[in-house]
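Remember, it's 1-based here, ligands and their atoms both numbered in the order they're listed.
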Amino acid sequence: MLNKKSKPNKVKKVKTGVSGLDTLLGGGIPEGHTVLVSGGAGCGKTTFLCQYLNEGLKNGETCLFITLEESKKQISEDAAQFGWDFEKYEKQKKLYLKQYNPFELSGDLSLNSFEHYIEYIKATRVVIDPISLFAAFVAHEGIESVPGEYGIRRGLFFVIDRLRKANTTTMMSTEIVEGQGGKLSRYGAEEFVADGSIVLSVYESLDTRKIGVRKMRGIKHTLKSFEMEIKKDGIAVKL
Ligand SMILES: Nc1ncnc2c1ncn2[C@@H]1O[C@H](COP(=O)(O)OP(=O)(O)O)[C@@H](O)[C@H]1O
Ligand SMILES: [Mg+2]
């Protein structure tokens, strides 16, 4: 007989650490999801990703930050501004901060080494900032010297597939470029491959920022956008 108290379909949630957003998501992101965080320059994507990792680090989780636009030092400095001590967690081998230079595609990363690395550190949370450059980096292997759109999509599928197999909960940023016909990502493929999509935006005329959940597999959520603020201790959403 079914025990009334048991909830067999209850998915385990991973808190983003962004107050208000976790409420909107009924507790957080479903464990194992790969979520896209999109927005134009300065919308708060990197801050959001740092806050998400810090939430895990506070709880003793092992986390991986893959950065392609900013240096490791810049990321640690960004985080420190909000009181998040990434250097301490790196020393404790709880945070692995890896930097790749997208203009030096012959770096140390290959499809195999990425797979092995993910397996080796057993991170529960991974962030990639931004995924478009990382996919280009991964795609380089074995195909063409400068990957075209096909190569980048192939890299993207590869990365997401490996992260899924490793059962990590991942956030990856992507830039929304104006005049791209409403695409939510750099290549227009990322939002379809991802399990979820969170959109950040700024309204200069109103001097406000907004955040909305556009897609989140397995969760019933509102499509409304909410005002958000970047405060001294990070992003907060006004519900
Ligand atoms: N310590 C801080 N306190 C308040 N706002 C900040 C702080 N640091 C950055 N910001 C705001 O966040 C913006 C950049 O956020 P960032 O996460 O780097 O955006 P993105 O990665 O989307 O380009 C800055 O332009 C600034 O408005
Ligand atoms: Mg950024």
Rounded to the nearest 0.5 Å, how far apart are CE of M171 and OG1 of T34? 10.0 Å
Just need the protein heavy atom nearest to atom 27 (O) of ligand 1, so name the residue and atom and give the distance. R209 NH2, 2.8 Å
Does any N/O atom on F82 come nearer than 3.5 Å to any N/O atom on ligand 1? no
Atom 23 (O) of ligand 1 [closest protein heavy-atom partner, distance rounded to 0.1 Å]: G42 N, 2.8 Å
Should K231 be counted as touching ligand 1, given the test is an N or O pair under 3.5 Å? no
Backbone of T16 reached by a side-chain donor or acceptor of D22 within 3.5 Å: yes
Does any N or O atom in E70 lie less than 3.5 angstrom from one in ligand 1, N or O only? no
Ignoring hydrogens and geometry, is there a side-chain-to-backbone donor-acceptor pair from H33 to R217 under 3.5 Å? yes
For residues 224-236, please give each side-chain donor-acceptor pair under 3.5 Å, one per line with the distance, not counting sequence neighbours.
residue	atom	partner	partner atom	Å
E227	OE1	K238	NZ	3.1

Can you label the angle between the Y117 ring and the Y120 ring as parallel, tilted or perpendicular, going by 30° and 60°? tilted
With a cut-off of 2.8 Å, does any N, O or S atom of T46 fall short of it relative to the Mg ion (ligand 2)? yes
Just which atoms of ligand 1 are under 4.0 Å from any heavy atom in G44? 15 (O), 16 (P), 17 (O), 19 (O), 20 (P), 22 (O)
For atom 1 (N) of ligand 1, find the nearest protein heavy atom and state the residue, atom name and distance (0.1 Å precision). Q81 OE1, 3.0 Å
Contacting atoms of ligand 1, where contact means under 4.0 angstrom from a heavy atom of G40: 22 (O)
Flag if over 12 foreign heavy atoms under 6.0 Å of NZ, K15: no
May I ask you to check whether over 12 heavy atoms, not counting those of E87, lie within 6.0 Å of atom CD? no
About how many Å separate CG of L163 and CE of M172, when rounded to the nearest 0.5 Å? 8.0 Å
Compute the shortest N/O to N/O distance between A41 and ligand 1 and return yes if it is under 3.5 Å, no if not. no
Can you tell which of V37, L49, I230, T46 gets a heavy atom nearest to atom 21 (O) of ligand 1? T46
Can you sort out which atoms of ligand 1 are near T47, meaning under 4.0 Å from one of its heavy atoms? 15 (O), 16 (P), 17 (O)
Selection residues 26-47 - residue pairs positive for salt bridge (Lys or Arg N to Asp or Glu O under 4.0 Å), sequence neighbours left out: K12-E31, K45-E175
For G39, is the nearest heavy atom under 4.0 Å from an atom of ligand 1? no
